[in-house]
Amino acid sequence: MNAQQPGLADQATISAEIEKIQADTKNGDPQPRRNYSPYRSSLLRHPTKDLRHADPEGAELVAPVFGPADVDPIEADLTIQANGEPIGERMSLTGRVVDGQGRPVRNQLVEIWQANAAGRYIHKRDQHPAAIDPNFTGVGRCLTDDDGVYRFTTIKPGPYPWRNHVNAWRPAHIHFSLFGTEFTHRMITQMYFPGDPLFSLDPIYQSITDQAARDRLLAAYDHDLSQHEWATGYRWDIVLTGSHSTPMEQEHE
Amino acid sequence: MSEATRMLPATPGQTIGPFFHYALPYERDHELVPPATPGAIRLHGTVYDGDGSPVPDAMLEIRQADPTGTIPEVEGSLRRDGTVFTGWGRADTDTAGRYSFTTVEPGPTRGSGAPFFSIVVFARGLTNRLFTRAYLPGTDVDDDATLAHLDPAERQSMLTVRQSDGSLRFDVHLQGPRETVFLTFPGHQA
């Protein structure tokens with residue numbers, strides 16, 4: 001069961017690589033490094049050439065539109081999608097989606113997916129021998145409101161092992177898929193929980209080399225959002241990268 | 001620099017990971033138009049890694065104009081009823097690294113250069129999303145500001161290739177000698 005797979009590095013090797021890259025980094029990168037060798041899957045999947053600068057035009061300037069016909073409001077509650085209550089810590093999760101200038105991203109699609117409380121995904125390729133919860137699929141969608149606010153009810157995910165190296169465990173996280181007001185805003189990211197002991201060991205989290213930027217992926221516990229005998233509350237705001245738009249264009253909005 | 005142009009620090013992106021398949025793909029996600037629609041074409045290809053091996057856990061999305069050059073701003077991309085062209089679609093790669101969209105050819109948009117499909121690529125192992133463009137075959141590269149600045153091999157990586165069945169092929173090479181040109185836009189930090 002716990003047999004070590006040949007060819008996999010141990011945690012000490014991975015941690016030493018993480019530390020060396022960090023030490024060699026003068027100013028941290030605000031976005032993850034695409035070439036990040038401690039994350040082994042990035043080795044053959046990162047472009048080697050610099051990204052080319054382009055002025056967005058045409059379809060890049062217009063985000064796809066989603067509306068009430070696309071998303072059922074019950075999709076925002078991941079705890080009512082089956083016949084019974086999922087196991088784990090129920091949590092209310094909310095926050096705002098804004099563009100680079102702080103303007104709310106209104107009526108736009110937010111999609112999430114996550115492991116269950118035991119750290120298991122409902123995915124045929126997830127062979128982690130942890131319990132499958134028949135009452136939890138770990139998939140949710142919602143639209144932001146007029147203030148750019150999203151809201152989900154879900155279960156706090158557990159950490160889970162993966163095969164990047166021996167004894168590799170992902171910090172507990174929820175995947176977020178986001179759209180902005182332009183297609184150039186499109187992004188997918190992961191939300192983490194404060195105080196996770198796995199952060200320093202995890203190559204995916206550490207692929208962001210700027211600590212302030214890493215901290216932007218942490219939700220905050222919000223006691224006012226917690227509900228008596230019902231759910232804990234977490235808040236996480238999202239700033240989409242890089243609006244191209246000029247002040248002149250803003251005035252005509 | 002005025003307040004209006006000062007950017008808030010952006011939330012970092014992260015990899016889509018290996019387990020998105022039960023969450024993001026949905027019924028008819030890759031059909032921007034039903035396959036039997038007059039004028040429908042297939043935009044398809046394979047995603048490759050630096051070894052030239054197919055990438056079976058990638059996901060692509062396209063955003064595009066309709067044949068008249070209009071970029072739709074209408075609902076209906078997730079609950080497709082087969083009548084509304086929303087100009088957006090999503091396709092995950094299969095076990096052979098292949099993706100396919102059923103769509104229509106975009107027309108030139110007002111005030112822009114050559115028509116293209118705007119493409120965003122996600123994959124396990126790819127720490128942040130990548131943007132590129134897929135231009136139509138026969139695009140006059142000198143008429144397009146982005147293509148004009150590329151060398152011939154780089155231009156080739158952004159052109160679709162017409163297949164004998166009329167479909168458009170666009171392979172994505174994340175790395176390697178045929179590496180696709182990926183784009184960054186003003187305001188993007190990395």
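Order of the sequence lines fixes the chain letters, A, B, ..., with proteins taken first and strands second; residue numbering starts at 1 for each chain. Just so you know, these numbers come straight off a predicted model, no measurement behind them.
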Heavy-atom closest pair (A:S41 atom, B:R124 atom, distance to 0.1 Å) is OG-NH1, 2.7 Å
Which bit of B:V55 is near chain A, if near means a heavy-atom gap under 4.5 Å: side chain, backbone, both or neither? both
If you apply the rule side chain to side chain contact (heavy atoms under 4.5 Å, CB included), what do you find for B:F116 with A:E60, and how did you get there? CA-CA 10 Å; B:F116 57 82; A:E60 289 159 344; 3.6 Å; yes
Residue B:D144 versus chain A: region with a heavy atom under 4.5 Å: side chain
Exam field: side chain B:R63 to backbone A:A63, donor-acceptor pair closer than 3.5 Å: yes
So which part of A:I208 gets closer than 4.5 Å to some heavy atom of chain B, the side chain, the backbone, both or neither? side chain
Here the pair of heavy atoms bringing A:S207 nearest to B:Q14 is OG-NE2, 3.9 Å
Name the region of B:F182, side chain, backbone, both or neither, that has any atom closer than 4.5 Å to a heavy atom of chain A. both
B:V74 versus chain A, the contacting section by heavy-atom distance below 4.5 Å: backbone
Please round to the nearest 0.5 Å and tell me the distance separating atom NE2 of A:H185 and atom CZ of B:F185. 11.0 Å
Has A:E57 got a side-chain atom pairing as donor or acceptor with B:G113's backbone, closer than 3.5 angstrom? yes
Let me know if A:N164 has heavy atoms under 4.5 Å from chain B in its side chain, its backbone, both or neither. neither
Do A:D55 and B:P186 come close enough that some side-chain heavy atom pair is under 4.5 Å? yes
Any carboxylate oxygen within less than 4.0 angstrom of a Lys/Arg side-chain nitrogen, looking at A:D72 and B:R79? no
Are the side chains of A:Q190 and B:T15 in touch, meaning some heavy atoms are under 4.5 Å apart? yes
Give the C-alpha distance, both sets of side-chain angles, the deciding distance and a yes or no for side chain to side chain contact (heavy atoms under 4.5 Å, CB included) between A:I188 and B:L24. CA-CA 11 Å; A:I188 283 177; B:L24 296 178; 4.1 Å; yes
Are A:E111 and B:F20 close enough that some pair of their side-chain heavy atoms sits under 4.5 Å apart? no
Can you confirm whether A:V62 sits close enough to B:E73 that some side-chain heavy atom of one is under 4.5 Å from a side-chain heavy atom of the other? yes
Considering all heavy atoms, the nearest A:L43-B:Q175 contact: O-NE2, 2.8 Å
What closest approach, in Å, do B:E75 and A:A69 show between heavy atoms, and which atom pair accounts for it? OE1-N, 4.0 Å
Taking all non-hydrogen atoms of both residues, which atom of A:R45 and which atom of B:P56 are closest, and how far apart? NH2-CD, 3.9 Å
A:L178 side chain near B:T11 side chain, heavy-atom distance below 4.5 Å: no
In terms of heavy-atom proximity below 4.5 Å to chain A, should B:R110 be classed as side chain, backbone, both, or neither? neither
Heavy-atom check, side chain of A:R34 versus side chain of B:N128, under 4.5 Å: yes
Between B:V120 and A:M187, is there a side-chain heavy-atom distance shorter than 4.5 Å? no
Classify the angle between the aromatic ring planes of B:F131 and A:F183 as parallel (below 30°), tilted (30 to 60°) or perpendicular (above 60°). perpendicular
Shorter than 4.5 Å, heavy atoms on both sides: which option in B:A145, B:G176, B:G13, B:P72 has the most such pairs with chain A? B:G13
Please report the closest heavy-atom contact between A:L217 and B:P12, naming both atoms and the distance. CD2-O, 3.5 Å
Examine whether an atom of B:P18 lies under 4.5 Å from a heavy atom of chain A, and if so say whether it belongs to the side chain, the backbone or both; otherwise answer neither. backbone
Rounded to the nearest 0.5 Å, how far does OG1 of B:T132 lie from CZ of A:R52? 11.5 Å
Sort B:T109 into side chain, backbone, both or neither according to what part of it lies under 4.5 angstrom from a heavy atom of chain A. side chain
Chain B contact via A:Q114 - side chain, backbone, both or neither, heavy atoms under 4.5 Å: backbone
Under 3.5 Å, is there a donor-acceptor pair between the side chain of B:H149 and the main chain of A:H53? no
Compare all side-chain heavy atoms of B:T86 with those of A:F66 and state whether any distance is below 4.5 angstrom. no
